[in-house]
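Just below is one structure, and these are the notes that go with it.
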Amino acid sequence: MRRLFATRALRGFADGAVSVLLASHLSAIGLSPLEIGAIVTGTLLGSAALTLGVGLLGSRLGRREVLLGASMVMAVTGIGFFAVTHFWPLLVIAFLGTLNPSSGDVSVFLPTEQAVLSETARGTLRTAAFARYNLAGNLAGALGALASGVPGALAVWLDRDPREAPRWGFVGYAAIAGTVAWLYGGLSRGIEVRRDPRKKPLAQSRRVILHLSLLFSLDSLGGGFVIQSLLVLWLFRRFDLSIATAGAVFFAAGMLAAFSQLLSAWISARIGLIRTMVYTHLPANAFLVAAAFMPNAGLAILFLLLRMSLSQMDVPARQSYVMAVVPPDERAAAASVTNVPRSLAAAMTPLVAGAMLAHSTFGWPLVCGGLTKILYDFLLLIQFRARRPPEEEAMLDVRT
């Protein structure tokens, strides 16, 4: 479990740094907001394709081999973004690579790691394990966002062109991939599971997983409007924030998101996983919409931070719920199938958000994203509040 926490933290640090550096790097090499949105869309579409393949075929390849292979792709992605400066080759690298332009973990690594982690803890301990796993990633992601200002500071110190500084962050991204691969290489063969090759994926839980996937995709459709790279771009264009300031803002946001998840297990043990997901997510989305209407950077940042203090509490509850309602041998497939629609849906809106920002500095992406997510919250509560995981049913039986 410790190795998974370490790899999640390292990947979170790398993702946090490049999510801030990406928009400024692509702007510095002459790409328009629309082209930047297209590249962000490409990263999410590629992630969806890889995640689906891993979920459906990963049991044949082996979990350890899948994680090592993904680490190699991550290294090549970092080198590609450092070396290439033209739009179309970058779009191809974005689609085939592992670059994560959001503040969360939307990647090929996630389904396999979730399946392994869910087998180390059960019941309410599973939600706590996911909370610590996400804490490691979010805390490291916050540090990565803060560290995004280091290349610029080094460029000034070395008397180099600061516009060239962001691209060096991708060298660090590739170096981190090598460390992650070394950690995966030390995983025990015990993480592998045996399953009947004749058994179709999600043979028992297909209906509930497809239903959840549809709802999760609606949530991610809204999330695609406000992934971190685009929030950075909006702050750049509307308030002329520097990279260093944006890095500090998203460091604070990441810290709030990271530690807030520790409350998820405590809350869910009292009100249930579904209600935890909805009752923390709903006010966060209201804060997101409000941020778009703020007249100055200080107030906009305040509402974004209020949003981040609540918006990630649903993540460990959601992960735990999915793992609880499927059999153990279907968990990797369930993690993939619930993540792929999220990635696909999230890939549909960054291009739209980029077009919005190209025509106006008002926070239309924040309004569209927040309202879509609010709709998701209400639908999830209405449709799944009565479907409890086994441990919640057992607790109700004991109380009655």
Side-chain angles (χ1 to χ4, degrees), residues 14-16 18-54 70 73-74 76-78 80-81 84-110 166 170 173 213-214 216-237 250 288 336 338-360 363-373 376:
D15 290 339
V18 299
S19 69
V20 175
L21 293 172
L22 181 62
S24 58
H25 168 60
L26 296 178
S27 296
I29 62 176
L31 300 190
S32 68
L34 188 60
E35 289 173 324
I36 294 172
I39 286 177
V40 169
T41 299
T43 66
L44 296 172
L45 286 173
S47 176
L50 284 171
T51 303
L52 182 61
V54 166
V73 176
M74 179 180 174
V76 173
T77 303
F81 267 85
V84 177
T85 57
H86 297 288
F87 170 70
W88 288 109
L90 280 173
L91 186 60
V92 172
I93 295 169
F95 181 80
L96 297 177
T98 61
L99 201 67
N100 179 13
S102 70
S103 58
D105 190 14
V106 184
S107 73
V108 68
F109 299 91
L110 186 64
F170 295 97
Y173 182 87
S213 296
L214 185 62
F216 293 164
S217 67
L218 179 63
D219 180 39
S220 289
L221 188 73
F225 282 103
V226 290
I227 60 176
Q228 187 159 296
S229 293
L230 293 177
L231 284 177
V232 170
L233 183 62
W234 175 66
L235 290 171
F236 285 167
R237 290 177 62 80
F250 287 102
L288 177 62
S336 288
T338 52
N339 276 284
V340 165
R342 293 178 66 237
S343 296
L344 288 173
M348 295 172 65
T349 46
L351 188 61
V352 178
M356 289 177 176
L357 292 174
H359 289 86
S360 172
W364 288 116
L366 284 70
V367 175
C368 295
L371 292 178
T372 304
K373 284 172 162 289
Y376 154 77

Is the distance between the ring centroids of H25 and F170 under 6.0 Å? yes
Yes or no on side-chain contact (heavy atoms from CB on, under 4.5 Å) for L366 and L231, after CA distance, side-chain angles and deciding distance? CA-CA 8 Å; L366 284 70; L231 284 177; 3.9 Å; yes
Within the 4.5 Å heavy-atom criterion, are [X] and [Y] side-chain neighbours or not?
X	Y	result
L230	F225	no
L21	F81	no
Y376	T372	no
I93	I39	no
W234	V226	no
I227	P350	yes
L26	F87	no

Work out which heavy atom in [X] is nearest to a heavy atom in [Y]; give both atom names and the distance.
X	Y	value
G97	V73	CA-CG1, 4.1 Å
A358	R237	O-NH2, 3.9 Å
M356	P365	SD-N, 3.8 Å
Q228	G16	NE2-O, 4.1 Å
G222	K373	C-CE, 4.0 Å
I36	A23	CD1-O, 4.0 Å

Between S229 (side chain) and S19 (backbone), is there a donor-acceptor pair under 3.5 Å? yes
Examine distances only and state if a side-chain atom of T349 and a backbone atom of L221 form a donor-acceptor pair shorter than 3.5 Å. yes
Stepwise side-chain contact (heavy atoms from CB on, under 4.5 Å) test for F109 and M74: CA-CA 10 Å; F109 299 91; M74 179 180 174; 4.2 Å; yes
Does F236 form a side-chain contact (heavy atoms from CB on, under 4.5 Å) with L357? I'd like the steps, not just the answer. CA-CA 11 Å; F236 285 167; L357 292 174; over 6 Å; no
How long is the gap from [atom1] on [X] to [atom2] on [Y], to the nearest 0.5 Å?
X	Y	atom1	atom2	result
S24	I29	OG	CD1	10.5 Å
L99	D15	CG	CG	7.5 Å
L96	T77	CG	OG1	8.5 Å

Evaluate the criterion side-chain contact (heavy atoms from CB on, under 4.5 Å) for residue pair L22 and V232; output intermediate values, then yes/no. CA-CA 9 Å; L22 181 62; V232 170; over 6 Å; no
Of V352, L351, L91, which is the lone residue that meets side chain to side chain contact (heavy atoms under 4.5 Å, CB included) with T41? L351
